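Structure record follows, encoded as structure tokens.
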There are 2 protein chains.
Amino acid sequence: MNIGQAARLSGLSAKMIRYYESIGLLKAAHRTDSGYRVYGDDDLHTLAFIKRSRDLGFSLEEVGKLLTLWQDRQRASADVKALARQHIDELNQKIRELGQLRDTLQDLVEHCHGDHRPDCPILKNLESGCCP
Amino acid sequence: MNIGQAARLSGLSAKMIRYYESIGLLKAAHRTDSGYRVYGDDDLHTLAFIKRSRDLGFSLEEVGKLLTLWQDRQRASADVKALARQHIDELNQKIRELGQLRDTLQDLVEHCHGDHRPDCPILKNLESGCCP
DNA sequence: ACTTGACCTTGCCAGCATGGCAAGGTTGAT
DNA sequence: ATCAACCTTGCCATGCTGGCAAGGTCAAGT
């Protein structure tokens, strides 16, 4: 099949597929005489794997590692687990940070009377960086 | 003071300050005869405002709006409150998404025995995209 | 055979926000 | 005079994706 159909079936865009090939995440696709990329079921499988990994928030670099592990019959599942764990830690870290930002903002918002008067504790805090 | 000191005192980098000026977030700084940018206490105040806003997760575009409101004596605090609320909503949305990703991954990790055997439910799930 | 439209190709530019490096000018102290 | 520390501008890189352009190819309808 051509790239368009591969894109539709995998949920990626044609652009992304070409990009992934260009950065070496995918091995170069077979080509027709006229230069069209051709994909088979195996390739589609790989594309779907990438799509799913991206949806789970893995970076392309991490996806690369996962692909390597996936294609390595000798892999230890511990390796994969470690990678997933690391990603979970990163997610938790990010979640904590965002939560703190939200709480700070929430505090500020609650102290703002929010009417037409110009006096605004939020801006005051942004100025001074203290006393929320 | 020069840009380096302004950077140190505000917590931004000199590079960022120049960038903010180039995109119009900051008005052009005064220059010495030799072309060095010169900052006064007012400018420093503005830089600190930006730094604090960025730390709270506002995008540069949002910081621009906040700056306008900050410098507008006629502003209604309701405007600021609305902007902060919107940002809180975005943060909550992001937190929810990341939390879902983490939970999915956590499930996968828990089903992976994580030893030297190659059989790995995480990779199996990434393949199929179903049955976590 | 010819046109049309949908598809494919490559390549370049855009964004976010920041860092890095280079080549050159300025300042201030030794 | 020299040297270090600073400043200037400019370009490139990141990660990931979208957009647009100019051109080639394919399949179907006329």
Side-chain angles (χ1 to χ4, degrees), chain A residues 1-26 28-40 43-44 47 49-67 86-87 90-91 94 97-98 101, chain B residues 1-26 28-40 43-44 46-47 49-67 86-87 90-91 93-94 97-98 101:
Chain A
M1 80 190 67
N2 286 338
I3 199 172
Q5 200 181 350
R8 272 186 297 276
L9 292 178
S10 66
L12 300 166
S13 71
K15 200 99 195 215
M16 288 153 92
I17 296 175
R18 290 192 204 101
Y19 176 65
Y20 295 163
E21 184 183 313
S22 81
I23 62 170
L25 187 62
L26 293 168
H30 294 150
R31 303 283 188 130
T32 64
D33 289 350
S34 54
Y36 282 24
R37 289 174 181 81
V38 179
Y39 298 88
D43 303 309
L44 204 54
L47 293 175
F49 182 98
I50 295 176
K51 161 79 166 137
R52 175 96 179 121
S53 304
R54 290 289 297 136
D55 283 350
L56 283 175
F58 288 97
S59 70
L60 288 184
E61 193 179 348
E62 289 170 322
V63 173
K65 291 183 197 164
L66 286 172
L67 270 176
Q86 184 193 325
H87 190 52
E90 288 163 12
L91 287 174
K94 195 78 194 165
E97 286 171 14
L98 293 181
L101 294 187
Chain B
M1 78 192 70
N2 286 338
I3 199 171
Q5 199 182 350
R8 272 185 298 276
L9 291 180
S10 66
L12 299 166
S13 70
K15 200 99 195 213
M16 287 152 92
I17 296 176
R18 290 193 204 101
Y19 175 64
Y20 296 164
E21 184 182 314
S22 81
I23 62 171
L25 188 62
L26 294 168
H30 294 150
R31 304 284 189 130
T32 65
D33 287 352
S34 55
Y36 282 24
R37 289 175 180 81
V38 179
Y39 298 88
D43 303 311
L44 204 54
T46 304
L47 292 174
F49 182 98
I50 295 177
K51 161 80 166 135
R52 175 97 178 118
S53 304
R54 291 287 300 133
D55 284 351
L56 282 175
F58 288 96
S59 70
L60 288 186
E61 194 180 346
E62 290 170 322
V63 174
K65 291 183 198 164
L66 286 172
L67 270 176
Q86 183 193 325
H87 190 52
E90 288 164 14
L91 286 174
Q93 176 67 24
K94 194 79 194 166
E97 286 172 14
L98 292 181
L101 295 187

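This is a predicted model, so every value here is computed, not measured. Each chain gets a letter, A, B and so on, in the order the sequences are listed, and its residues count up from 1.
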### Message
Would A/E97 and A/L101 count as a side chain to side chain contact (heavy atoms under 4.5 Å, CB included) here? Give the steps.
### Response
CA-CA 6 Å; A/E97 286 171 14; A/L101 294 187; 5.6 Å; no
### Query
What one-letter contact string describes nucleotides 21-27 of chain D from 5' to 3', where B marks a base within less than 4.0 Å of any protein heavy atom, S marks contact via sugar-phosphate atoms alone, and - marks no contact?
---BBS-
Give a yes/no on whether any side-chain N or O of [X] is located under 4.0 angstrom from OP1 or OP2 of [N].
X     : N      : result
A/R37 : C/dT9  : yes
B/R18 : C/dA17 : no
A/Y20 : D/dT17 : yes
A/S13 : D/dG18 : yes
B/R31 : C/dT26 : no

### Message
Any non-hydrogen side-chain atom of A/I50 less than 4.5 Å from a side-chain atom of A/I17?
### Response
no
#### Entry: B/H87 vs B/E90 side-chain heavy atoms within contact, under 4.5 Å
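Yes, close enough: below the 4.5 Å cut-off.
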### Summary
By nearest-nucleotide position on DNA chain C, the 5'-leaning member of A/N2 and B/L60 is A/N2
### Task
Report the C-alpha separation of B/V63 and B/Y20 in whole Å, then their side-chain angles, then the decisive distance to 0.1 Å, and conclude whether the side chain to side chain contact (heavy atoms under 4.5 Å, CB included) test is met.
CA-CA 11 Å; B/V63 174; B/Y20 296 164; over 6 Å; no
Detail all sub-3.5 Å separations between protein N/O atoms and N/O atoms belonging to nucleotides 2-4 of chain D.
none

#### Entry: side-chain contact (heavy atoms from CB on, under 4.5 Å) partner of A/R37, the single match among A/R18, A/H30, A/M1
A/R18
### Task
For DNA chain D, just give me the dot-bracket, please: Watson-Crick or G-U, both distances below 3.5 Å, ( ) intra-strand, [ ] crossing earlier pairs, | paired with another strand, . unpaired.
||||||||||||||||||||||||||||||
